[in-house]
Protein chains: 2
Amino acid sequence: MYIENWHCSNLVFKGLTKDELALLDQNKVDVHYQPDEIIFKQESPCSHVISFYEGQAMEYLEGGKNDKIILRLIKPVEFISGAGFYSDMKHHFSLKAITRASACFIDMGIIKELISKNHAFANTFLKIVHDNLIFSYQKLSSLTSKYQLGRLCEALLYLSNDFYEANPFELTISKPDLGAMSNMSKESAYRLLHELEKDGLILVNGNLITLLNSKRLEEISRNS
Amino acid sequence: MYIENWHCSNLVFKGLTKDELALLDQNKVDVHYQPDEIIFKQESPCSHVISFYEGQAMEYLEGGKNDKIILRLIKPVEFISGAGFYSDMKHHFSLKAITRASACFIDMGIIKELISKNHAFANTFLKIVHDNLIFSYQKLSSLTSKYQLGRLCEALLYLSNDFYEANPFELTISKPDLGAMSNMSKESAYRLLHELEKDGLILVNGNLITLLNSKRLEEISRNS
DNA sequence: TTAATATATTGATATATGTCAATATAATAT
DNA sequence: ATATTATATTGACATATATCAATATATTAA
């Protein structure tokens, strides 16, 4: 059954031995979420990593004048580890289910044990953290040094190319949340979507979005 | 001599054995820089980590409409490792000397070897990467969801509390660069410094800056 | 010392973008 | 079907902030 073998689909656990997998199995906890339910909250203590294996979720930053900044969307299978695991033992972003979703919690103690005992696993873990770091620098750069339109185009391309991996794609987040991904008000998001549509670059039909000219969208995204 | 024993002052290397330290010594390269010289550049291939042991430097992001975003300032002793080491083998930020500075280059191959062989070192390395991640999330949050004044106050507090660790402190970066730290134009930086001075919160005397009311500066920084 | 250049400072203006308000449409409940 | 609520859309306006321009001060060169 899928949930029983949750670790099989997560490449993070590929290099583990039978015993190590058994250890994980004995100590994991599965949790199921309804849409919009919070999985963990920024500032709360982090004790477990998560293997996210069903549904969709969003990672977001809270605080300041904005209600939130959406960092990225999550789909199966994703390994999510708190940034505070080696210092303050707190979460530094929040995670919330978008659709019905399931996550498997694994105690950080066990993860640290695996890191020390299994070199391949340690490497995979290091790769994930480094990838998060790269992602964060890119986000930092684009959110501070691009205009709204460029940021929105970037978000649309991210959704089509990386998250939904489809060209007409069905938005599973709201349009205001599309704004939160691009650091702008919901009104600006609506307005700019309309503008892109008027210019024939995209097609918006309710929640179905079609990118008609990805090349041009990339140009706009690049040159702000 | 200081340079010969460069690794002694960097806590990263604390847990290494004599043999491992000898390995580092045989494979390190020391490089000396003049003010404003680039140590490594964003997008360039990364092959070595750096132990920064003399002078001051700045980490900054390039690209977009801004000339740069200064992430943080570096002083001895700091271990600097590229975010691309586990994926694209590129640097994702640039590093530039502020004053005369010295850095010790160590091949990433050797670092990876130490990570696999020495568990304490692996843990220290993981802690550093995680700390960078936390720092990056905080920067992302404050640069996108605070007003200029709050961002400038944050930068001033960072300089006094974390970087210079002094209260009247002598700025070693320019005031335009103070703007680049807070994501604003140099004119805005000048203007707001003047404003803070008029309000009696700081004192600016050339490059000497005194924080007269840190409590209030923190408040402004928090509440934008 | 004087000229020349870079840095600092301030003011006026333009622009990006958010906020508020009005209305329209869609979804849901009664 | 009608009322009710949530979502979407657009317009008018306010404001944060950058840009441009003018001038002042400091620093360096001749």
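Numbered from 1 within each chain, the chains take letters A, B, ... in sequence-line order.
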*Asks:* Return no unless some side-chain N or O of B/Ser188 is found under 4.0 Å from OP1 or OP2 of D/dA18.
*Replies:*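 The answer is yes; a side-chain N or O of B/Ser188 sits under 4.0 Å from OP1 or OP2.
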*Asks:* Please classify the nucleic acid contact of B/Asn183 as base, sugar-phosphate, or nothing, using heavy-atom distances under 4.0 Å.
*Replies:*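 Since only primed, P, OP1 and OP2 atoms lie under 4.0 Å of B/Asn183, the category is sugar-phosphate.
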*Asks:* Describe, in one word, how the ring planes of B/Phe125 and B/Tyr86 are oriented to each other, choosing from parallel (under 30°), tilted (30 to 60°) and perpendicular (over 60°).
*Replies:*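 Because their plane-to-plane angle lies in the 30° to 60° range, the rings of B/Phe125 and B/Tyr86 count as tilted.
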*Asks:* Can you sort out the partners of A/His48 under ring-ring contact (aromatic ring centres under 6.0 Å, His included), two or more places apart, ordered by chain and number?
*Replies:*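 Residues passing ring-ring contact (aromatic ring centres under 6.0 Å, His included) with A/His48: none at all.
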*Asks:* With sequence neighbours left out, what residues match B/Phe105 under ring-ring contact (aromatic ring centres under 6.0 Å, His included)?
*Replies:*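 For B/Phe105 there are no ring-ring contact (aromatic ring centres under 6.0 Å, His included) partners, ignoring immediate neighbours.
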*Asks:* Would you list the atom pairs, donor with acceptor, under 3.5 Å between side chains in residues 193-208 of chain B and any protein atom, with sequence neighbours excluded?
*Replies:*
residue, atom, partner, partner atom, Å
B/Glu197, OE2, B/Val204, N, 3.0

*Asks:* Once you round it to whole Å, what is the distance between C1' of D/dT25 and CG of B/Asn205?
*Replies:*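 To the nearest whole Å, that distance equals 15 Å.
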*Asks:* Report the residues that fulfil side-chain contact (heavy atoms from CB on, under 4.5 Å) with A/Ser47, sequence neighbours left out, ordered by chain and then residue number.
*Replies:*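 By the side-chain contact (heavy atoms from CB on, under 4.5 Å) rule, A/Ser47 matches no residue at all.
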*Asks:* Judged by each residue's nearest nucleotide on DNA chain C, which is more toward the 5′ side, B/Lys186 or A/Lys65?
*Replies:*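 Nearest nucleotide further toward 5': that of B/Lys186.
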*Asks:* Per the side-chain hydrogen bond (donor to acceptor under 3.5 Å, both in side chains) rule, which among A/Lys215, A/Arg216, A/Arg222 passes with A/Glu219?
*Replies:*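 Answer after filtering A/Lys215, A/Arg216, A/Arg222: A/Arg216.
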*Asks:* In whole Å, I'd like the distance from the CD atom of B/Glu195 to the C1' atom of D/dT17.
*Replies:*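 Rounding to the nearest Å, CD of B/Glu195 and C1' of D/dT17 are 13 Å apart.
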*Asks:* Tell me which nucleotide among D/dT19, C/dG18, D/dT17 gets nearest to the side chain of B/Ser185.
*Replies:*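 Of the options given, the side chain of B/Ser185 lies nearest D/dT19.
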*Asks:* Name all residues meeting the ring-ring contact (aromatic ring centres under 6.0 Å, His included) criterion together with B/Tyr164; count only those two or more places apart in sequence or in a different chain, and write none if there are none.
*Replies:*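 Expected list: B/Phe169.
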*Asks:* Using atom names, set out every protein N or O paired with an N or O of nucleotides 4-8 of chain D below 3.5 Å, distance rounded to 0.1 Å.
*Replies:*
residue, atom, partner, partner atom, Å
D/dA8, OP2, A/Tyr190, OH, 3.0
D/dA8, O5', A/Tyr190, OH, 3.4

*Asks:* Could you give the CG-to-C1' distance, from A/Leu192 to D/dT10, as a whole number of Å?
*Replies:*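 Value for this atom pair: 13 Å.
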*Asks:* With B/Ser94, which residues qualify under side-chain contact (heavy atoms from CB on, under 4.5 Å), at least two apart?
*Replies:*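 Counting only residues at least two positions away or on another chain, B/Ser94 forms a side-chain contact (heavy atoms from CB on, under 4.5 Å) with B/Lys41, B/Gln42, B/Tyr60, B/Glu62.
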*Asks:* Report the distance from atom CG of B/Leu196 to atom C1' of C/dT9, rounded to the nearest whole Å.
*Replies:*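 After rounding, the reported distance stands at 16 Å.
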*Asks:* Should A/His194 be listed as having a side-chain N or O under 4.0 Å from OP1 or OP2 of D/dT10?
*Replies:*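 Checking D/dT10 against A/His194, a side-chain N or O does come within under 4.0 Å of OP1 or OP2.
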*Asks:* Side chains of residues 67-74 of chain A: which donor-acceptor pairs under 3.5 Å do they make with residues two or more places apart or in other chains?
*Replies:*
residue, atom, partner, partner atom, Å
A/Lys68, NZ, A/Asp177, OD1, 3.1
A/Arg72, NE, A/Glu59, OE1, 3.3
A/Arg72, NE, A/Glu59, OE2, 3.2
A/Arg72, NH1, A/Glu78, OE2, 3.1
A/Arg72, NH2, A/Glu59, OE2, 2.9

*Asks:* Using nucleotides 20-22 of chain C, report all nitrogen or oxygen pairs with the protein that are shorter than 3.5 Å.
*Replies:*
residue, atom, partner, partner atom, Å
C/dC20, N4, A/Glu187, OE2, 3.4

*Asks:* I'd like to know if the side chain of B/Asn66 reaches the main chain of A/Thr144, judged simply by a donor and an acceptor atom lying under 3.5 Å from each other, with no hydrogens or angles considered.
*Replies:*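 The answer is yes, because a donor-acceptor pair under 3.5 Å joins these two groups.
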*Asks:* Rounded to whole angstrom units, what separation is found between the CD atom of B/Gln148 and the P atom of C/dT17?
*Replies:*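 Whole-Å distance recorded here is 14 Å.
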*Asks:* Work out how much the helix from C/dT1-D/dA30 to C/dT30-D/dA1 bends between its end axes, five pairs an end, to the nearest 10 degrees.
*Replies:*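 Between the axes fitted at each end of the helix from C/dT1-D/dA30 to C/dT30-D/dA1 lies an angle of 30°.
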*Asks:* Sequence neighbours excluded, which residues qualify as side-chain contact (heavy atoms from CB on, under 4.5 Å) partners of B/Asn161?
*Replies:*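 Only B/Leu157 meet the side-chain contact (heavy atoms from CB on, under 4.5 Å) criterion with B/Asn161.
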*Asks:* Atom CG of A/Leu149 to atom P of C/dG18: distance rounded to whole Å?
*Replies:*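 Taking atom P of C/dG18 as the reference, CG of A/Leu149 is at 13 Å.
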*Asks:* Would you kindly give the NZ-to-P distance between B/Lys146 and D/dT15, to the nearest whole Å?
*Replies:*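 Rounded to whole Å, this separation is 23 Å.
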*Asks:* According to ring-ring contact (aromatic ring centres under 6.0 Å, His included), who are the partners of A/Phe163, at least two apart in sequence or on a separate chain?
*Replies:*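 ring-ring contact (aromatic ring centres under 6.0 Å, His included) check on A/Phe163 returns nothing, list empty.
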